[in-house]
Protein chains: 4
Amino acid sequence: MTPRYRGIIPPMVTPLTARDRLDVAGLERLVERLVTGGVAGLFALGTTGEAPSLSYRLRRELIEHTCRFVRGRIPVLVGITDTSLVESATFACHAADCGADAVVTSAPFYFPAGQPELREFIEQLLPELPLPLMLYNMPALTKTSFSGEVVSWALDQEKIVGLKDSSGDLVYFRRMRRLAAAARPDWSFLVGPEELLAESVLLGGHGGINGGANLHPALYVSLYEAAKAGEVARARELSSQVMDLSEAIYRVGRHGSAIIKGLKCSLSILGVCDDFMAAPFHRFHEAEREIVRSRLDELGIHR
Amino acid sequence: MTPRYRGIIPPMVTPLTARDRLDVAGLERLVERLVTGGVAGLFALGTTGEAPSLSYRLRRELIEHTCRFVRGRIPVLVGITDTSLVESATFACHAADCGADAVVTSAPFYFPAGQPELREFIEQLLPELPLPLMLYNMPALTKTSFSGEVVSWALDQEKIVGLKDSSGDLVYFRRMRRLAAAARPDWSFLVGPEELLAESVLLGGHGGINGGANLHPALYVSLYEAAKAGEVARARELSSQVMDLSEAIYRVGRHGSAIIKGLKCSLSILGVCDDFMAAPFHRFHEAEREIVRSRLDELGIHR
Amino acid sequence: MTPRYRGIIPPMVTPLTARDRLDVAGLERLVERLVTGGVAGLFALGTTGEAPSLSYRLRRELIEHTCRFVRGRIPVLVGITDTSLVESATFACHAADCGADAVVTSAPFYFPAGQPELREFIEQLLPELPLPLMLYNMPALTKTSFSGEVVSWALDQEKIVGLKDSSGDLVYFRRMRRLAAAARPDWSFLVGPEELLAESVLLGGHGGINGGANLHPALYVSLYEAAKAGEVARARELSSQVMDLSEAIYRVGRHGSAIIKGLKCSLSILGVCDDFMAAPFHRFHEAEREIVRSRLDELGIHR
Amino acid sequence: MTPRYRGIIPPMVTPLTARDRLDVAGLERLVERLVTGGVAGLFALGTTGEAPSLSYRLRRELIEHTCRFVRGRIPVLVGITDTSLVESATFACHAADCGADAVVTSAPFYFPAGQPELREFIEQLLPELPLPLMLYNMPALTKTSFSGEVVSWALDQEKIVGLKDSSGDLVYFRRMRRLAAAARPDWSFLVGPEELLAESVLLGGHGGINGGANLHPALYVSLYEAAKAGEVARARELSSQVMDLSEAIYRVGRHGSAIIKGLKCSLSILGVCDDFMAAPFHRFHEAEREIVRSRLDELGIHR
């Protein structure tokens with residue numbers, strides 16, 4: 001048995017043209033860009049996809065179009081993270097109806113659940129899900145981490161198939177991988193921060209859910225392949241390019257929104273999709289857009 | 001001009017009989033208990049009301065029944081806090097249709113908004129709201145506090161009518177009150193933690209949105225009246241009783257859920273409403289229920 | 001039995017003329033200002049006194065001069081907070097030799113001690129101390145709070161005589177006072193943040209260790225007296241003046257150092273003592289000094 | 001030019017027999033164990049060395065003996081971290097007199113310095129130091145991180161020679177390395193958490209200051225060599241052994257002290273040195289010691 005998901009699975013940005021209005025044409029271009037860029041799957045409605053900021057209606061629309069544009073060429077994973085178990089379950093059914101491959105949930109994120117409460121939440125959610133589930137560890141935004149005890153319990157649940165870890169803490173990532181090593185060779189361990197993709201895959205991780213792959217899928221795919229093959233020098237070089245992109249694009253803005261703003265602005269400059277953002281964020285102003293434009297040139301990133 | 005809201009406005013628990021099932025009869029008894037207990041208003045769908053854990057459908061149902069049971073005897077304030085501006089606005093319209101008096105929102109709570117983003121979020125929300133808005137400062141759960149700059153801006157918005165502060169930080173509370181003192185004598189400053197009700201009202205606050213008022217409305221109303229009248233000795237005595245209740249009922253459980261669990265369990269023992277809780281929480285087990293029962297006896301709290 | 005300490009006990013700034021050089025003349029003027037201002041005691045080498053930033057040699061010198069200048073007119077409390085128990089104990093002996101009345105310690109602040117470790121630390125320190133001990137709760141800087149369990153244990157130790165709470169959390173303050181109410185009527189509960197002096201004393205606290213009392217001792221003493229007497233309107237008015245001072249003087253600088261800088265700059269302008277600060281802080285530049293000067297004028301604070 | 005320090009530099013535990021009493025014979029055995037284990041240097045008086053908990057007298061004694069036992073065979077780095085610049089500088093002079101090779105300082109850790117204050121602190125400290133300085137990033141305990149701006153400034157200071165990063169955040173580590181890449185090829189970037197040694201060195205880091213190297217220096221040296229040589233499979237295997245040690249030994253205790261307790265207990269079982277600990281910590285009780293003993297057997301770690 002091998003991990004269900006390996007490689008680069010971009011956390012897709014959600015193209016918008018206005019409040020509560022999907023950029024359908026932009027979405028189609030983005031999906032095509034990613035599929036032809038060689039990615040191993042798509043993760044829709046994650047943090048990078050601004051999922052919690054979108055209306056339920058728009059989230060449903062996004063999934064419908066995404067699955068339609070992908071046409072089964074790669075698996076689609078759908079974020080169902082919510083504060084309400086009922087809404088999470090409803091959304092998972094919609095994702096299944098649209099043809100998604102799996103759903104993804106972080107911890108409920110208003111009330112910081114205790115670990116036993118977190119386990120029970122997942123336990124109650126599981127039978128409602130028509131699709132496999134991937135856990136999504138995102139403590140900076142959910143205020144709680146999946147503990148070793150909860151992950152150990154999850155390893156006994158056939159329907160749970162992996163962990164995406166966006167904690168930035170590779171010690172945690174390795175500890176969780178160790179727990180799964182013998183029990184679940186089919187679990188996928190995917191890392192969130194792209195700056196850690198090389199390190200995690202060199203040490204045995206299975207890939208990355210990295211925002212930058214929206215912008216330059218081939219770079220991330222190449223880095224993953226090099227690291228998987230144990231080509232250290234090449235992984236180091238490609239990882240250095242990822243750092244260049246990260247430093248150039250994600251630090252133009254301030255606040256936690258800088259990464260998503262940088263990505264959407266870049267995709268807009270490249271002509272892929274609109275850079276409208278859902279509240280509480282807003283797109284870059286012209287001055288910041290100019291900075292992004294010149295940095296994309298320096299990085300040699302074109303449509 | 002005087003503050004729009006003064007006195008005790010309980011953050012009403014949401015009576016449930018099962019997942020996604022409202023305890024309508026229990027809700028009616030609870031509303032009656034509170035109205036006849038002398039409270040100055042009701043706050044539905046706050047943190048104590050487990051709002052983020054409920055489905056949108058159930059939230060709508062709750063508002064409909066609540067307004068119907070209240071019959072205009074006191075104002076109903078409705079929490080519309082959400083991560084999606086679109087959903088917040090939709091919900092505010094529903095609240096207005098049902099006859100609510102005002103809506104209440106905290107900061108969007110998945111992405112930690114920067115202060116300019118937070119201001120813009122409220123700015124964009126305002127024209128969508130058919131009712132006055134009260135801000136709700138709850139940094140422990142939203143990861144962000146309304147800064148002095150944002151509150152100063154809010155003071156210029158006629159539609160914003162006050163601040164509920166659940167930070168537990170009375171220095172913050174006083175600083176915000178100072179900002180409003182001259183500009184907006186109609187603003188209400190209400191404190192969340194009931195253990196600080198006496199202190200805040202003695203120094204000029206306008207009342208409390210205190211969970212314990214679900215259980216013993218008369219105690220909180222009396223304390224508010226004593227503090228407002230400057231009767232220090234009596235305020236101290238009644239505040240000590242609030243501390244007794246807090247220590248007895250809110251510390252039976254562990255985790256952040258202990259307060260809501262203690263309140264719902266108490267109301268169930270008193271025969272007011274069911275104590276089912278929305279995921280990720282669950283009601284107390286029998287052993288904890290027995291502890292709560294005996295403590296209610298010691299406190300002399302009866303239906 | 002009544003609390004050992006009641007009233008205003010300023011956490012004295014440490015006047016310096018240069019690195020590792022005490023401003024002895026300034027210290028004498030400051031001590032005289034405080035004693036004649038009506039304060040109930042002096043707390044030397046606290047946070048406001050920049051104690052951790054000073055060399056041990058200078059700390060010893062400060063204690064010697066302070067006790068000499070005070071001449072027994074009021075009690076002198078000496079901060080012995082350290083990361084090393086051995087150094088704390090040594091310093092307590094020096095304080096006793098100089099004629100101090102009590103010593104004060106927070107939790108050791110490099111390693112965040114677990115609560116059992118914190119209790120043992122105090123337990124091991126106690127027999128080494130030739131003077132009574134006051135606990136100092138300062139979680140923002142020590143990373144740990146004295147839990148209810150540890151305070152309950154402390155109530156059984158005759159040599160421990162009170163708690164200074166600088167958490168800013170009045171719920172904590174009240175919970176600790178409740179623990180002591182029956183057991184130790186001789187314990188003193190003193191509040192750190194001056195913006196909470198009125199509230200805490202109205203509800204039964206015993207006074208304040210408030211930085212602003214360095215600058216305007218009479219204001220704080222009057223506020224304490226009004227609150228103690230239950231004169232709500234007067235307490236509110238004087239508390240408002242404290243807020244004026246706090247907003248005017250403590251927010252000129254940025255960073256955590258703004259309060260101490262504001263105090264030292266003010267005292268320098270008033271001609272009381274030099275405003276040199278120990279690293280990592282430095283005195284205000286001329287522009288900020290001018291702001292402070294004009295605000296002192298507006299507040300009507302003169303030497 | 002190459003980095004001044006490369007390889008494994010254990011943060012040496014401080015052997016004690018009682019409060020304020022050095023285990024001199026144990027120290028000699030420990031030093032010999034490390035030197036013959038192939039380490040590239042010794043770091044005395046770091047976090048693992050319980051430095052802040054020791055008296056100044058004992059710290060001086062430790063340095064004297066350590067340098068004497070090392071006999072110049074490897075460089076000795078000495079922690080001078082303090083809250084007082086004066087004491088830090090004094091201690092650095094003592095280290096130089098004893099023959100140490102460099103000194104190491106984290107941010108001052110009582111007051112959380114703003115970044116400009118942190119820079120000035122280092123700037124004022126530098127001329128007082130008779131030895132090269134390595135920065136030590138330890139935000140969990142000092143409440144502040146060396147920002148990119150401060151590190152960029154430090155790169156211009158000839159006397160500063162590297163950065164030890166114990167943040168556990170490899171993104172930070174990589175960003176700092178990038179800053180230095182062109183400017184200072186002589187800087188050393190050493191990682192604190194041993195679970196990240198393989199990852200950081202594979203990607204270009206220069207080694208580790210890893211607590212476990214006290215216990216099993218050869219394992220860490222081998223891992224470093226494998227990673228440096230780009231032998232991915234071997235690095236993965238050895239890193240897995242480091243994880244085994246970490247899981248087995250560092251999780252017997254609770255609280256932040258578990259790692260140091262586990263290390264000292266292990267060294268005591270192996271007959272290297274006493275396991276007495278400075279307050280606020282204490283050695284393991286017999287039950288925990290038995291667990292450690294059996295785990296050392298399982299790991300095959302012997303004297």
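Numbered from 1 within each chain, the chains take letters A, B, ... in sequence-line order.
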Peer 1: Against chain A, label D/Arg236 side chain, backbone, both or neither, depending on which of its atoms sit under 4.5 Å from a heavy atom there.
Peer 2: both

Peer 1: Just wondering, more than 12 heavy atoms not from D/Arg254 lying within 6.0 Å of its CZ?
Peer 2: no

Peer 1: Applying a heavy-atom distance below 4.5 Å, give me the residues of residues 208-231 of chain D that approach chain A, sorted by number.
Peer 2: D/Gly230

Peer 1: What is the distance from atom CZ of A/Arg177 to atom CE of D/Met243, rounded to the nearest 0.5 Å?
Peer 2: 9.0 Å

Peer 1: Closest approach of D/Leu203 and A/Leu202, non-hydrogen atoms and distance?
Peer 2: CD2-CD1, 3.7 Å

Peer 1: Given that the side chain runs from C-beta out, which part of D/Val242 has a heavy atom under 4.5 Å from chain A: side chain, backbone, both or neither?
Peer 2: neither

Peer 1: Strictly below 4.0 Å, N to O, side chains only: are A/Glu195 and D/Arg174 in salt-bridge contact?
Peer 2: no

Peer 1: Can you tell if the side chain of A/Leu196 reaches within under 4.5 Å of the side chain of D/Glu199, non-hydrogen atoms only?
Peer 2: no

